[in-house]
Each structure stands twice: as structure tokens, then as C-alpha cells.
Amino acid sequence: MSDWVKVAELTELSRRGKKLVVLGDERVALFHDDGEVFAFRDACVHKGRPLSRGTLLRGRLICPGHQWAFDLRTGRADDRDDHQPGFPVRVVDGGVWIRPGAPAAPPAPLTARTVQE
Ligand code: FES
């Protein structure tokens, strides 16, 4: 896992459901939903508002800017062709790891699954 970076403890995400982490110049918004962890670039694909201030609602992330709803598992915006870039995620021994670098671009799947709690 040399290209993976530990960014949080799962317990931090379990309490609040989200957490902002900064890796160099990249701001990454982490979300915990239904036993899985997701990581997105913290700048909405629409107008750049911080998704870390968004709201989780039934498997969707609602942007605080203009309320676009993104599917946590695909990054796709509801009723649009836009995708929010995301990062691969692993959970190992209670630690949340992401693989930084260029976020996945559509149409590739964006976020990875929690592999362990
Ligand atoms: S900035 Fe996110 S919906 Fe407009």
C-alpha cells in the first residue's frame, strides 16, 4: 500500500458521517454511509462549492451550493451527465486510507468500497 495514505480513523467518520482532509494541495471530503466510505474532491463539479459541507441523504450527497445530488457509489449527479471526481478508498484495521493523485474521471467508477470495519 505504498501509494496509499492513511487519512482518518473509521470511528471519526462513524460519529459525524463526514470529514475533510487536506493532502498537499488537494482537499478531500470523506463520507461514511451504510458501512462504506467514499472520498471525493472537495470542490463540486458544478461551481466548486465544498462538498465537505454537504448533506448525506439516503445514499446521496447533497451539495450545499445548488443542491445537486450525487450518488455516493458512482459520483454521478442525479438527472445529469456530470460526475464528481473521487478517490479509491480502503479501510484497514479501522484506518481509512485513500490513494491520492488524479481523481478518477468518468465514466470509470469513482469511489471504492470499505473492505473492512
Ligand atoms: S456548486 Fe455544487 S451544485 Fe452548484
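First listed ligand is number 1; within each ligand, the first listed atom is number 1. The first residue in the sequence is number 1, and the count goes up from there. Owing to the predicted nature of the structure, the values given are computational and were not obtained by experimental measurement.
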For this session: Under the side-chain contact (heavy atoms from CB on, under 4.5 Å) rule, what do F87 and F40 come out as? Steps first, then yes or no, please.
Result: CA-CA 6 Å; F87 300 90; F40 291 98; 5.9 Å; no
Exercise. So, do K6 and V96 sit near enough that their side-chain heavy atoms are less than 4.5 Å apart?
Worked result: no
Problem set entry | side chain to side chain contact (heavy atoms under 4.5 Å, CB included) against E12, all qualifying residues, sequence neighbours excluded | A8, E9, R15, K19
For this session: Report the residues that fulfil side chain to side chain contact (heavy atoms under 4.5 Å, CB included) with A77, sequence neighbours left out, ordered by chain and then residue number.
Result: W68, F70, R80, D82
Seminar exercise, completed: When every non-hydrogen atom of W4 is compared with those of R99, the smallest separation belongs to CE3-N, 3.5 Å
Which donor-acceptor pairs under 3.5 Å do the side chains of residues 50-66 make with protein atoms, sequence neighbours left out?
residue: S52; atom: OG; partner: D42; partner atom: OD1; Å: 3.1
residue: S52; atom: OG; partner: D42; partner atom: OD2; Å: 3.1
residue: R60; atom: NE; partner: D78; partner atom: OD1; Å: 2.8
residue: R60; atom: NE; partner: D78; partner atom: OD2; Å: 2.8
residue: R60; atom: NH2; partner: D78; partner atom: OD1; Å: 3.3
residue: H66; atom: ND1; partner: H46; partner atom: ND1; Å: 3.3

Exercise. What's the count of protein N, O or S atoms under 2.8 Å from atom 4 (Fe) of ligand 1?
Worked result: 2
